[in-house]
Amino acid sequence: MQRDMMLLVSHAEDGHFADGDRDGVRRVLSGSEYIGDLKLVARERYEIVCTDGAALELYAPGLHKKRPFHRIELFLDLQARTVAALNLILELMREGEFGLMDGLDAARFIVSSPQQLDYFPHLCGPPLLARNTRDLYLWLGYPPA
């Protein structure tokens with residue numbers, strides 16, 4: 001089965017890498033209404049089953065350490081882009097203060113707050129703003145849920 005990789009990356013106002021909000025990400029992982037089951041399978045690597053059955057793997061290097069926490073890698077099956085999975089991703093973006101790249105070769109960056117629109121001065125164009133899951137679906141190239 002083909003798996004997709006998404007990358008959540010944190011940037012500061014000046015466009016440089018920044019640490020994501022560890023506490024915010026921990027809150028999402030411990031209390032999101034979209035997570036049906038969460039298993040720690042290796043250091044900083046989680047298997048998540050969403051409430052609608054979508055399964056994804058999350059790797060968050062630096063989440064439980066003092067080292068830099070600049071990114072979260074998400075791996076999901078193509079059919080795992082469900083409403084619950086995208087709501088969970090949007091929660092991680094908001095609470096962790098991350099922007100989203102839909103793969104390593106993504107030409108566009110997706111952010112979840114208007115303040116982040118100016119955080120990426122090195123891009124060819126401004127990031128896309130996902131105010132809700134419907135926006136996220138559209139920016140990822142899927143029809144609205």
Kindly say whether [Y] contributes a backbone atom to a donor-acceptor pair with the side chain of [X] at under 3.5 angstrom?
X: H70; Y: F17; value: no
X: W139; Y: I110; value: no
X: R71; Y: Y59; value: no
X: R22; Y: G62; value: yes

Hey, could you give me the [atom1]/[atom2] distance between [X] and [Y], rounded to the nearest 0.5 Å?
X: L74; Y: M5; atom1: CG; atom2: CE; value: 8.5 Å
X: L100; Y: L128; atom1: CG; atom2: CG; value: 10.0 Å
X: L136; Y: R81; atom1: CG; atom2: CZ; value: 8.5 Å
X: I72; Y: Y46; atom1: CD1; atom2: OH; value: 10.0 Å
X: N87; Y: C50; atom1: CG; atom2: SG; value: 9.0 Å
X: D135; Y: L90; atom1: CG; atom2: CG; value: 8.5 Å

**Q.** Cluster link I89 to V49, ILVMFWY, side chain under 4.5 Å
**A.**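 No; V49 is not reachable from I89 via cluster members.
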Q | Common cluster, V41/L38, ILVMFWY with side-chain heavy-atom separation under 4.5 Å | A |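 No; tracing contacts between hydrophobic side chains, which count when under 4.5 Å, never links both residues.
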Return the minimal non-hydrogen interatomic distance between [X] and [Y], and the atom names on each side.
X: R94; Y: N132; answer: NH2-N, 3.9 Å
X: P68; Y: D19; answer: CA-OD1, 3.4 Å
X: D23; Y: D21; answer: N-OD1, 3.1 Å
X: D52; Y: A84; answer: OD2-N, 3.1 Å
X: V111; Y: G99; answer: CG1-CA, 4.4 Å

Q: Classify the angle between the aromatic ring planes of F98 and F69 as parallel (below 30°), tilted (30 to 60°) or perpendicular (above 60°).
A: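 F98 vs F69 ring planes: perpendicular.
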Q.
Between M93 and L8, is the side chain to side chain contact (heavy atoms under 4.5 Å, CB included) condition met? List the steps.
A. CA-CA 7 Å; M93 290 171 66; L8 297 168; 3.5 Å; yes
**Q.** Any donor-acceptor N or O pair under 3.5 Å, side chains E97, S10
**A.**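 Short answer, no.
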I'd like to check [X] versus [Y] (side-chain heavy atoms, cut-off strictly below 4.5 Å). Are they in contact?
X: E47; Y: L58; result: no
X: V9; Y: F109; result: yes
X: E91; Y: R27; result: no

Q | Evaluation steps, salt bridge (Lys or Arg N to Asp or Glu O under 4.0 Å), between E57 and K39 | A | CA-CA 10 Å; E57 184 179 324; K39 292 180 185 161; over 6 Å; no
Q) Is the count of non-hydrogen atoms from other residues, nucleotides or ligands lying under 6.0 Å from R43 atom CZ greater than 12? A)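 Atom CZ in R43 is not packed in, count stays at 12 or less.
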Q) Between R26 and L63, does a side chain to side chain contact (heavy atoms under 4.5 Å, CB included) hold up when you go through it step by step? A) CA-CA 8 Å; R26 288 184 199 126; L63 178 60; 4.0 Å; yes
Q: Start with the C-alpha gap between I35 and L88, add the side-chain angles, then the distance that decides, and say whether side chain to side chain contact (heavy atoms under 4.5 Å, CB included) holds.
A: CA-CA 8 Å; I35 296 177; L88 176 61; 3.9 Å; yes
